[in-house]
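Starting from 1, each residue takes its place in the sequence as its number.
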Amino acid sequence: MTLFEARELTKVYQGRTVLSLKELLLEEEKIYALQGPNGSGKTTLLEILGLLIRPTAGKLSYQGKWIDFTDTALTALRREIVLVHQNPILFTTTVKKNVEFGLNVRGISGEERKKIVIEALDLVGMRNFLRARAHKLSGGETQRVAIARALACYPKVMLFDEPTSSVDVENRMIIERIIRNINAEKKISVVFTSHDLTQASRLSHDIIPLFEGRRVASLHENIFSATASLNEKGKTTYLIREGLSLIGEETETAGEVKISIDPLKLSVDRIGNYKPDRNRLRGKLFQLTDEQSLVRAVVDVGILINVLLPKKTVKQHSLTIGDELALVVPKNAITVF
């Protein structure tokens, strides 16, 4: 069944369009990731889905019914759709009192309230913190209590804004497991935002890539302006800057375009194996970062390009920062949008 449907949805702040979606369709009981850089519209879309802000134009439906953002029925809907913020604020009291806050507001009786609180804390692995003072918790523990507080209200939809951006590695793994479990066991639909492409791929059923407020065809991180044209051999060439161009798949697109380059389809080779080629770029390794099962390599080829490599590749080539490399860009790694 359809969970959310949006048509011609826009949000404008001070004359600037921060979100412009022609169409969006989300199904129930799935996990969706909104992925993109800062300013891509992820949080704005999340807050509209959470019925916290009103779109400037367009339509949004929830479970098949179009939403009137001026309707008093929004209060009831907000009980079904809960947003957990990136940096949640807890009351300066016990964990127990934080989790039961929404239940008190709804007039849930003492015994039932206690049962629900324990169940919610068990789901996030925080039962032993029942009497702990919330303001003394770590960032990851605070996030887990905020999730428990939301779960205590039995939502149908949970929205997470960068749920692991400010937590340590251990709590990141726990929070990811919590999101999977509440979806699989409680059948709660989940939408979360993330800058992390590997996390989005690992955790979600589907990724919704956003760039400058629009949904784009690519979820890739390397996004550049380019001029598309046909070369003398009839191949499509994308000129990114003077002296740097790439050949992509055949397309009728010409003129000024935006392209993205898939970091998962790129590869590197030692400079000793370098052979001049349009899609084989000479560069220098600028940065190496561990990302779970992959390593992010940033290569300077005149522009900085992100590459996601298997750890065995990094070990095989003994890669270190400052190494000169050949960066290989397959034609199918380039997407135009």
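Residues K42 and F192 form no side-chain contact, since every pair of their non-hydrogen atoms from C-beta on lies 4.5 Å or further apart. I259 is not listed as a side-chain neighbour of T335, based on a closest heavy-atom distance of 4.5 Å or more. Counting only heavy atoms from C-beta outward, the side chains of K11 and E47 never approach each other to under 4.5 Å. At a threshold of 4.5 Å between non-hydrogen side-chain atoms, the residues R280 and L327 do not count as touching. At least one side-chain heavy atom of L26 sits less than 4.5 Å from a side-chain heavy atom of I208. By the 4.5 Å heavy-atom criterion applied to side chains, L285 and T320 are not counted as neighbours. Looking at heavy atoms from C-beta onward, L25 lies out of side-chain contact with L3 at the 4.5 angstrom threshold. Counting only heavy atoms from C-beta outward, the side chains of L9 and L24 never approach each other to under 4.5 Å.
Rounding to the nearest 0.5 Å gives a distance of 12.0 Å between CD1 of I116 and CG of L121. Atoms OG1 and NE2, from T43 and H85 in turn, are 10.0 Å apart once rounded to the nearest 0.5 Å. The distance from the CG atom of L159 to the CD1 atom of I48 is 12.0 Å, given to the nearest 0.5 Å. Atom CD1 of residue I175 and atom OG of residue S165 lie 9.5 Å apart, to the nearest 0.5 angstrom. One finds the CD atom of E141 at 9.0 Å from the CD1 atom of I174 (value rounded to the nearest 0.5 Å).
Looking only at atom types and distance, the side chain of Q199 has a donor-acceptor partner in the side chain of S194 under 3.5 Å away. For the 3.5 Å distance criterion, the side chains of N222 and S260 fail to qualify, holding no donor opposite an acceptor. E5 and Y62 are not linked by any side-chain donor-acceptor pair at a separation below 3.5 angstrom, with hydrogens and angles left out of the test. Of the N and O atoms on the side chains of E256 and T227, at least one donor lies less than 3.5 Å from an acceptor on the other residue. Side-chain contact annotation: S204 with D206, donor-acceptor N/O pair under 3.5 Å absent. Using modelled atom types and a 3.5 Å distance limit, the side chains of T289 and Q287 yield a donor-acceptor pair.
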Legend entry - salt bridge (Lys or Arg N to Asp or Glu O under 4.0 Å) between R127 and D122, intermediate numbers included: CA-CA 5 Å; R127 186 201 273 217; D122 278 342; 2.9 Å; yes
Legend entry - Full working for salt bridge (Lys or Arg N to Asp or Glu O under 4.0 Å) between E23 and R7: CA-CA 5 Å; E23 188 177 41; R7 294 181 188 171; 5.4 Å; no
Inset, instruction - Please lay out, stage by stage, how E176 and R202 fare under the test salt bridge (Lys or Arg N to Asp or Glu O under 4.0 Å). - result: CA-CA 9 Å; E176 288 187 4; R202 181 173 62 249; 2.8 Å; yes
Legend entry - Intermediate values then yes/no, salt bridge (Lys or Arg N to Asp or Glu O under 4.0 Å), E119 and K186: CA-CA 12 Å; E119 178 187 1; K186 298 294 183 179; 3.0 Å; yes
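Although no hydrogens or angles enter the test, the distance criterion places no donor-acceptor pair under 3.5 Å between the side chain of R172 and the main chain of V167. The backbone N or O of F91 sits less than 3.5 Å from a side-chain atom of N98, completing a donor-acceptor pair. In this structure, R78 contributes its side chain and L51 its backbone to a donor-acceptor pair below 3.5 Å. T10 contributes no side-chain N or O that, together with a main-chain N or O of T56, makes up a donor-acceptor pair within less than 3.5 Å. Within the 3.5 Å criterion, the main-chain N or O of E27 finds a donor-acceptor partner in the side chain of Y32. The closest donor-acceptor contact from the side chain of R296 to the backbone of N306 lies at 3.5 Å or more, if one exists at all. Between the side chain of T313 and the main chain of L309, no donor-acceptor pair closer than 3.5 Å is present. At distances below 3.5 Å, not a single donor-acceptor pair connects side-chain atoms of K156 with backbone N or O atoms of I188. With hydrogens and angles ignored, the 3.5 Å screen pairs no side-chain donor or acceptor of D300 with any backbone N or O of K284. Within the 3.5 Å criterion, the main-chain N or O of K30 finds no donor-acceptor partner in the side chain of H205.
Within a 6.0 Å radius of CD in Q316, other residues, nucleotides and ligands contribute more than 12 heavy atoms. Enclosure of atom CZ in F224 by more than 12 non-hydrogen atoms of other residues, nucleotides or ligands within 6.0 angstrom is indicated. Counting heavy atoms of neighbouring residues, nucleotides and ligands inside a 6.0 Å radius, atom CZ of R106 exceeds 12 of them.
No option in L239, L281, T236 other than L281 meets the side chain to side chain contact (heavy atoms under 4.5 Å, CB included) test with L246.
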